[in-house]
Amino acid sequence: MAEITEIRAAYDVSPVLAGFIGAGVLVVAVVVLIFMWMCCQRHYHRMTNNPPYKFIHMLKGMSIYPETLSSSKRIVRLARGSGRHGDRERGRAVVLADDPAAESGLSEGLQLQMGDLEPSKQPRLETELPVHADYCSQEGSSTTSSSQSSSTNASKTATPFTPMEEPNLGTVSLAVDYNFPKKALVVTIQKAEGLPAVDEQAGSSDPYIKMTILPEKKHRVKTRVLRKTLEPVFDETFTFYGVPYSVLSELTLHFLILSFDRFSRDDVIGEALVPLAGVDPSTGKVVITQQICKRTMQCVNRGELLVSLSYQPVSHRLSVVVLKAKQLPKMDITGLSGNPYVKVNVFYGRKRIAKKKTHVKKCTLNPVFNESFIYDLPAELLPEISIEFLVIDFDRTTKNEVVGRVVLGTHSPSPSGVAHWQEVCQNPRRQVSKWHSLSEY
């Protein structure tokens, strides 16, 4: 009988090697797909961005200039030097002209004068106003810049002068009664309705209410926190002893509606004031429904900020120096000192055209910054320029909180901001420094 031998194919491989080969092929396929997806996304963004933007790095700073514009809006740089290369000087100003001949004249060495701009073209100048800014620190060359690029795109944040519409913050319902034998005022917080959603992702809030009797503020109470609801029903009764019935007409109930936050300071939804002048609880409970409005009672000092400004008319440069701040409030729930920094926004009219920020100063409520920002601005634009300073408390674990702000400019909401800006414009080449009290943002 013939011997049976096992015959295998010459190309047969072990199962382990086959597994490694399959895994390698799968990884390569996934990498190729991801690369193709990134290329498609990049191509899509290039097609949708109109106009495309080109980043020009500068010394310790960055500016953004539109690379191409439509035929109706073209950038023409004002050259103060003579010759064909006068537009390459560092101290140039940038304006807009609609005349195509101006662009051709620039290539032939002609210069565009600022007087050629008509007043009627100002709205168009506001639409596309490239301003380039330099950043420098007075602490030494070892510090690095943390400034961000200034953009000609419209800012998504509200401008300092945007009129805020009064939002609908809901209502709070309560019942007022008086216990004559015990000489006690009895207040029942029943419910709140139509509260706004503080947590935008979950679409809800964690509301609770703090109550105070004005004007003495001796009695302070608060309800429990109700989770994830915009229609909380509290039904909690508070009894205040030692309140004579004869003084009820002089008292006012102050309700502060808040949303609980486990990791940072609780968010204030609004407040409601209920004067007891027209309330007569002698015959029984009086049910009151009060509209919740934006909080106006501020008892916290937000501190002060020292800034210095100077304008050089020859080089058309505005120098903004953030010097120091003092007596900043503690924004951390642990009661520790904050980590403040200052964000500087430059507005032309209602459009933000540049933004920068200082370094973060660790664990201090009286920070010293000594950092300067330089902007190229034509003198004709100064009446419409505003500088906004936001003092922000940096937090590594939660969102940063705005301590307060200062606005300098002709349209500043504070008289000190208007006076400081006018003094800077009327005294060129002079460094004007002033303290400003921080207001609520």
Exercise. Is it true that a side-chain atom of Gln190 and a backbone atom of Phe234 form a donor plus acceptor pair closer than 3.5 Å?
Worked result: no
Exercise. Side-chain contact, heavy-atom cut-off 4.5 Å: Leu248 with Val176?
Worked result: no
Exercise. Out of curiosity, Thr289 OG1 to Leu174 CG, how far, rounded to the nearest 0.5 Å?
Worked result: 7.5 Å
For this session: Quick one: do Phe260 and Leu258 satisfy side-chain contact (heavy atoms from CB on, under 4.5 Å)? Show the steps, please.
Result: CA-CA 6 Å; Phe260 176 75; Leu258 303 100; over 6 Å; no
Exercise. Less than 4.5 Å apart, any side-chain heavy atom of Val307 and any of His436?
Worked result: yes
Seminar exercise, completed: Rounded to the nearest 0.5 Å, the OG atom of Ser259 sits from the OH atom of Tyr208 at a distance of 8.5 Å
Problem set entry | Side chains of Met211 and Val187 in contact at under 4.5 Å (non-hydrogen atoms) | yes
Exercise. Would His420 and Val432 satisfy side-chain contact (heavy atoms from CB on, under 4.5 Å), going step by step from the backbone distance to the final call?
Worked result: CA-CA 8 Å; His420 193 175; Val432 182; 3.6 Å; yes
Problem set entry | side chain to side chain donor-acceptor pair (under 3.5 Å) between His254 and Glu271, worked out | CA-CA 7 Å; His254 176 251; Glu271 66 177 358; 2.8 Å; yes
For this session: State whether the side chain of Asn366 and the backbone N or O of Gln327 hold a donor-acceptor pair below 3.5 Å, judged by distance alone.
Result: yes
For this session: Measure the spacing between SG of Cys293 and CG of Asn168 and express it to the nearest 0.5 Å.
Result: 11.5 Å
Exercise. CG/Leu230 to OG/Ser205 distance, rounded to the nearest 0.5 angstrom?
Worked result: 5.0 Å
Exercise. With a 4.5 Å limit on heavy-atom distance, are the side chains of Ile392 and Pro340 in contact?
Worked result: no
For this session: Apply the test side-chain contact (heavy atoms from CB on, under 4.5 Å) to residues Leu214 and Leu251: give CA-CA distance (whole Å), side-chain angles for both, the deciding distance (0.1 Å), then the verdict.
Result: CA-CA 6 Å; Leu214 303 178; Leu251 302 180; over 6 Å; no
Exercise. Checking Thr252 side chain against Val274 main chain: does a donor-acceptor pair fall under 3.5 Å?
Worked result: no
Exercise. If you draw a 6.0 Å radius around NZ in Lys228, do more than 12 non-hydrogen atoms from other residues or ligands fall strictly inside?
Worked result: no
Exercise. Taking the six-membered ring of Phe373, is the NZ or CZ of Lys356 close enough (under 6.0 Å from the centre) and on axis enough (within 45°)?
Worked result: no
Exercise. Taking the side chain as C-beta and beyond, is there a heavy-atom pair between Val418 and Leu408 under 4.5 Å?
Worked result: no
Exercise. Quick check: does any side chain N or O of Glu388 sit under 3.5 Å from a backbone N or O of Val346, one acting as donor and the other as acceptor?
Worked result: no
For this session: Return yes if some donor-acceptor pair links the side-chain N/O of Glu236 with the main-chain N/O of Arg224 below 3.5 Å, else return no.
Result: yes
Exercise. So, Arg227 side chain and Asp206 main chain: donor-acceptor pair closer than 3.5 Å or not?
Worked result: no
For this session: Measure the CD-OG distance between Glu231 and Ser204 for me, rounded to the nearest 0.5 Å.
Result: 12.0 Å
Problem set entry | Partner set under side-chain hydrogen bond (donor to acceptor under 3.5 Å, both in side chains) for Thr237, not counting sequence neighbours | Thr188
Exercise. What pairs with Gln290 under side-chain hydrogen bond (donor to acceptor under 3.5 Å, both in side chains), at least two apart in sequence or on another chain?
Worked result: none
Exercise. By side-chain hydrogen bond (donor to acceptor under 3.5 Å, both in side chains), which residues pair with Gln431, not counting sequence neighbours?
Worked result: Ser308
Exercise. Just wondering, do Thr410 and Glu384 contact through their side chains at under 4.5 Å, heavy atoms?
Worked result: no
Exercise. Quick one: are Asn370 and Leu323 in side-chain contact, heavy atoms under 4.5 Å?
Worked result: yes
Exercise. Does NZ or CZ of Lys326 lie under 6.0 Å from the centre of the six-membered ring of Trp435, at an angle within 45° of the ring axis?
Worked result: yes
Problem set entry | Side-chain donor/acceptor of Ser310 to backbone N/O of Ser319, under 3.5 Å | no
Exercise. Do His316 and Tyr311 have side chains that get closer than 4.5 Å, going by heavy atoms?
Worked result: yes
For this session: Check step by step if side-chain contact (heavy atoms from CB on, under 4.5 Å) holds for Trp421 and Leu309.
Result: CA-CA 8 Å; Trp421 184 256; Leu309 279 75; 3.6 Å; yes
Problem set entry | Crowding at NZ, Lys434 (>12 non-hydrogen neighbours, <6.0 Å) | yes
Problem set entry | Sidechain-backbone polar pair: Thr358 side chain, Val342 backbone, donor-acceptor under 3.5 Å | yes
For this session: Supply the atom-to-atom distance Ile353 CD1 to Asn345 CG, rounded to the nearest 0.5 angstrom.
Result: 10.5 Å
Exercise. Would you say Asp393's side chain and Asn339's backbone share a donor-acceptor pair under 3.5 angstrom?
Worked result: yes
For this session: Please confirm whether the backbone N or O of Val186 pairs with a side-chain atom of Thr239, one donor and one acceptor, at under 3.5 Å?
Result: no
